[in-house]
Amino acid sequence: MNLKSLFKPKPTISGEEIDKGLQVLTWEGIVSMGFSNVAGGAILAAFALALGANSFQIGVLAAIPFLAQPLQIAAVVLIDRFRRRKIMAITTWLPAQLLWIPIALIPVFMEVPSAGAISALMGLMALRSILAAFTGCSWNSWVKDLVPQERLGRFFARRQALANLTGMFFGLGAALFVDFWKGHAAVGDEALGYTFAILLGALTLGLATPLFMTLIPEPLMQLPPGPRETITTTLTSPLRDHNYRHLLRFLLLWGFALNLAIPFFAVYMLERLGLSLSSVMLLSMLSLGTNILFLNVWGRLADHFGSKTVLSMSASLYMLVIFGWIFTTMPDRYFLSIPLLAIIHIFVGIAGAGVGLTTGTIGMKLAPQGQATSYLAVAGLATSIGSAIGPLAGGAFAHFFSTRSFQIDLTWIDPNRSVEFPALSLTGFDFLFGIAFVIGIMTLSLLTSLREEGEVSPEIALDTLHTPMRELARPISSVTGINYLSQFPYGYLRRVPLPGLDVALGVTSYQVADAAKKAITAATKGQETLSRVADSLGDAISDLWKDTEDTTSHGIDVARDAARGTLHAADEININTNVLVHHAIVGITQGLSTTRVDSREVFRGTGQGVVQGALEIGYDPCEAIKRAVAAAREVANQQGISEENAVLEVTRGAMQAAEASRKPELQSRINDCLSSELLEVEENDGSKE
């Protein structure tokens with residue numbers, strides 16, 4: 001393959017070429033994230049502090065990449081004229097990566113800390129951001145046309161997970177080296193530790209990214225249908241798209257709210273809490289670890305329920321996390337500071353996985369074919385404007401509030417003494433985090449006006465998330481004490497009207513449904529009948545709950561998700577869905593009969609689950625309901641409930657699932673299914689073997 005053909009767009013790309021291109025795209029993401037963790041985030045903030053930056057300058061430094069994004073307009077013009085996205089992306093990204101070399105060498109040629117050193121850093125970062133603006137515009141359009149639409153969520157989730165896994169080790173290695181250097185370097189040479197770390201990363205990982213980009217095929221840009229538009233019309237077409245305007249407004253305000261706080265997390269931990277850079281990076285690794293665990297979860301949910309639904313849930317969780325930063329000091333570091341930081345970083349990773357994944361994919365999904373360049377550029381511009389104003393305002397707020405405080409104390413007074421307990425203490429960055437939380441919550445309401453094809457209400461997606469906290473604690477910690485969290489009655493906390501709390505409590509996703517699928521697959525493997533399904537599923541449900549004393553608040557959740565898993569299992573292993581549903585409902589009720597769960601909730605949960613599962617796999621929900629009703633009649637007496645009441649609870653659950661979908665036509669259809677003539681099940685209808 002010669003150089004010319006390597007950079008030439010392809011009018012057609014085979015499935016094999018797409019798969020190879022996606023493999024290279026994954027590797028590009030891995031090395032890119034690796035270098036980002038070496039030269040960005042906490043390390044860049046610490047480097048800036050070492051060069052002499054104050055809080056406002058940290059905000060300016062965080063805003064610089066976003067301030068350059070309006071240049072994407074010029075990039076759109078060039079791409080629309082020459083239609084060679086790959087060449088533009090690589091010829092701008094290579095020099096942008098090379099600029100890290102003089103950035104790393106600032107402590108070698110200039111006195112630090114000094115105003116000149118921080119000015120040099122800002123100037124070089126500004127030049128790099130200008131080049132990156134051209135890269136980003138062409139790169140987003142190129143990748144959008146390469147990745148198949150139906151695989152967007154899962155592909156980018158897997159790519160991001162692998163990139164984060166690699167990145168956290170590179171970032172921690174760089175931080176450990178910098179701390180080691182600072183502990184052994186001569187006075188005045190401490191900043192050279194950053195020089196060596198960034199320089200090594202730039203010459204290896206940094207230069208590897210444009211190399212991988214050259215190996216990714218570029219699909220030929222498709223002309224939009226109809227006469228070709230002028231460049232002015234092309235640039236303004238996203239603004240004329242009523243639905244896309246809702247997305248643009250959200251992205252602008254969300255970027256502002258998020259970047260009011262995020263650029264100052266590392267500074268807060270380094271200066272206010274006195275943590276070492278290695279400790280900060282270890283907490284970042286905790287975030288990246290949970291980010292990796294949940295990227296696939298959010299990706300699957302995005303593919304099933306839509307990017308908008310996942311974005312609304314993960315964004316509300318992110319706001320809850322920002323609110324939590326306020327309580328890490330009282331007003332200084334105290335005994336709960338580190339445990340709170342660990343919890344916060346766990347949920348930062350979970351929320352960040354959903355937000356990062358869906359803010360990119362939803363823009364791609366809503367962009368019309370052939371107009372991705374302009375639509376994604378304008379979406380990026382909206383995000384960038386908000387993200388640029390955010391840290392500038394944040395730096396100004398941090399400086400203003402640095403000499404101000406607000407405190408509420410509780411005082412106990414008796415004849416012998418008085419004791420004060422600090423109930424709330426806000427100072428400096430605390431005000432910043434509170435402001436970001438309020439603005440972020442207000443911004444979330446903008447998502448309600450956005451429409452995405454195939455979207456499902458957040459209530460249904462939340463129902464798939466809510467499972468016991470024990471399942472969350474298991475993959476995160478081996479500390480025995482954490483497992484006591486599984487005994488807490490989380491069903492009551494779901495009613496607390498604090499944004500993001502419902503997602504935080506249910507964020508383990510699909511655990512019960514997956515258990516049901518595995519049990520059913522194992523029971524049917526190599527057999528011609530489904531006679532073992534009920535026993536296998538019942539055993540799986542019992543094992544899942546055998547260590548939990550308070551199951552009463554979760555019974556309906558388990559029954560629902562197990563029924564959902566049944567439908568997914570039928571879809572994946574290609575067996576008789578009607579028969580499987582019947583046996584599975586029997587198994588679910590038998591498995592939960594050993595707990596203190598109310599039988600009515602079990603039947604109601606199965607009604608919800610069969611409807612949700614049927615909608616997710618494209619199966620007829622009416623058939624699923626009929627089979628669930630037949631099974632409920634069979635086992636009702638065994639569970640101490642009349643057949644009539646069992647059927648009533650199944651139908652109630654089915655209607656609740658239909659109402660949660662917010663689709664009137666579906667509600668009407670299921671209501672018809674639940675009429676008496678459709679629920680009559682003949683004795684020999686094949687529901688039993």
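- Residue pairs meeting the ring pair (Phe, Tyr, Trp, His ring centres under 6.0 Å) criterion with at least one member in residues 94-115, sequence neighbours excluded, are Phe35-Trp100.
- Qualifying side-chain contact (heavy atoms from CB on, under 4.5 Å) partners for Ala353, counting only residues two or more places apart in sequence or in other chains: Asn291, Leu295, Trp298.
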Which atom pairs, one a donor and one an acceptor, fall under 3.5 Å between side chains of residues 244-256 and the rest of the protein, sequence neighbours left out?
unit_1, atom_1, unit_2, atom_2, d
Tyr244, OH, Gly363, O, 3.4
Tyr244, OH, Tyr375, O, 3.3
Arg245, NH1, Leu239, O, 2.9
Arg245, NH2, His242, ND1, 3.2
His246, ND1, Arg249, NH2, 2.8
His246, NE2, His242, NE2, 3.3

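- Annotation: cation-pi pair Arg404/Phe400 present, NZ/CZ under 6.0 Å from the ring centroid and within 45° of its normal.
- Remark: Ile343 CD1 to Ile338 CD1 distance equals 12.0 Å, nearest 0.5 Å.
- Side-chain contact between Leu205 and Phe170 is present, with at least one heavy-atom pair separated by less than 4.5 Å.
- Looking at residues two or more places apart in sequence or on another chain, you find a side-chain contact (heavy atoms from CB on, under 4.5 Å) between Ala257 and Ile439.
- Side chain to side chain, Thr328 and Tyr334 fail the donor-acceptor criterion of an N or O pair below 3.5 Å.
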> Does the side chain to side chain contact (heavy atoms under 4.5 Å, CB included) test come out yes or no for Leu341 and Met269, once each step is laid out?
Replying inline: CA-CA 9 Å; Leu341 282 175; Met269 288 185 286; 4.3 Å; yes
Just distance, no hydrogens or angles: give the donor-acceptor pairs under 3.5 Å from side chains in residues 182-196, sequence neighbours left out.
unit_1, atom_1, unit_2, atom_2, d
His184, ND1, Phe180, O, 2.8
Glu190, OE1, Gly188, N, 3.0
Thr195, OG1, Ala104, O, 2.7

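- Summarising the geometry of Pro238 relative to Val378, their closest heavy-atom pair is CG-CG2, 3.8 Å, with the distance given to 0.1 Å.
- Put simply, the side chain of Phe66 does not reach to within 4.5 Å of the side chain of Ile385, judged on heavy atoms.
- Note: Ile87 CD1 to Leu78 CG = 12.5 Å, rounded to the nearest 0.5 Å.
- Checked against side-chain contact (heavy atoms from CB on, under 4.5 Å), Leu288 has the following partners two or more places apart in sequence or in another chain: Asn37, Asn164, Met168.
- Atom CG of Leu357 and atom CD of Gln160 lie 8.0 Å apart (nearest 0.5 Å).
- With rounding to the nearest 0.5 angstrom, the OG1 atom of Thr135 is 10.5 Å from the CH2 atom of Trp142.
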Can you give each donor-acceptor pair under 3.5 Å made by side-chain atoms of residues 118-131, sequence neighbours left out, with the distance rounded to 0.1 Å?
unit_1, atom_1, unit_2, atom_2, d
Ser119, OG, Ala115, O, 2.8
Arg128, NE, Ala96, O, 3.1
Arg128, NH2, Gln97, OE1, 2.7
Ser129, OG, Met125, O, 2.8

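- Between Leu336 and Phe327 there is no side-chain heavy-atom pair separated by less than 4.5 Å.
- When all heavy atoms of Leu273 and Arg333 are compared, the pair lying nearest together is O-NH1, 3.0 Å.
- Using a distance-only test at 3.5 Å, with no hydrogens or angles considered, a donor-acceptor pair links the side chain of Ser402 to the main chain of His399.
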Q.
I'd like to know whether Val348 forms a side chain to side chain contact (heavy atoms under 4.5 Å, CB included) with Thr290, so could you lay out the CA-CA distance, the side-chain angles of the two residues, the decisive distance to 0.1 Å, and finally the verdict.
A. CA-CA 8 Å; Val348 162; Thr290 52; over 6 Å; no
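- The two residues Gly171 and Ile43 come nearest to each other via the heavy atoms O-CD1, 3.9 Å.
- Considering only residues two or more places apart in sequence or on other chains, Leu25 meets the side-chain contact (heavy atoms from CB on, under 4.5 Å) condition with Leu22, Glu28, Trp139, Val143, Val147, Phe155, Arg159, Ile216.
- Between the OG atom in Ser138 and the CZ atom in Arg85 there is a gap of 9.0 Å [rounded to 0.5 Å].
- Between Lys308 and Leu447, the shortest heavy-atom distance links the atoms CE-O, 2.9 Å.
- Between Tyr268 atom OH and Phe429 atom CZ the span is 9.0 Å, to the nearest 0.5 Å.
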What side-chain donor-acceptor pairs closer than 3.5 Å can you find for residues 48-64, not counting sequence neighbours?
unit_1, atom_1, unit_2, atom_2, d
Asn54, OD1, Phe56, N, 3.2
Asn54, OD1, Gln57, N, 2.8
Gln57, OE1, Asn54, N, 2.9

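- Taking all atoms of both residues into account, the shortest heavy-atom contact from Phe397 to Leu432 is CB-CD1, 3.8 Å.
- Remark: the Ser32 side chain and the Thr209 side chain contain no N/O donor-acceptor pair separated by less than 3.5 Å.
- The heavy-atom pair separating Ala388 from Leu67 by the smallest distance is CB-CD2, 3.5 Å.
- With contacts defined as side-chain heavy-atom distances shorter than 4.5 Å, the pair Tyr318/Ile262 qualifies.
- Two residues are said to be in side-chain contact when any heavy atoms from C-beta on lie closer than 4.5 Å; Val355 and Leu317 fail this criterion.
- When side chains are defined from C-beta on, Leu94 counts as touching Leu207, because their heavy atoms get closer than 4.5 Å.
- Every residue meeting the ring-ring contact (aromatic ring centres under 6.0 Å, His included) condition with Phe401, not counting sequence neighbours, appears here in chain and number order: Phe431.
- Residues Leu426 and Ser405 form no side-chain contact, since every pair of their non-hydrogen atoms from C-beta on lies 4.5 Å or further apart.
- The side chain to side chain donor-acceptor pair (under 3.5 Å) check on Thr166 picks up nothing, with sequence neighbours excluded.
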Tabulate below the donor-acceptor pairs under 3.5 Å that side-chain atoms of residues 274-282 make, not counting sequence neighbours, or state none.
unit_1, atom_1, unit_2, atom_2, d
Ser276, OG, Ser279, N, 3.2
Ser276, OG, Ser279, OG, 2.9
Ser278, OG, Ala175, O, 3.4
Ser278, OG, Asp179, OD2, 2.3

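- Note on ring orientation: taking the six-membered ring where Trp is involved, the planes of Trp325 and Phe433 are tilted (angle from 30° to 60°).
- Taking the side chain as every heavy atom from C-beta outward, Leu366 and Asn243 approach each other to under 4.5 Å.
- Under the 4.0 Å criterion applied to side-chain N and carboxylate O atoms, Asp430 and Arg272 are assigned as salt-bridge partners.
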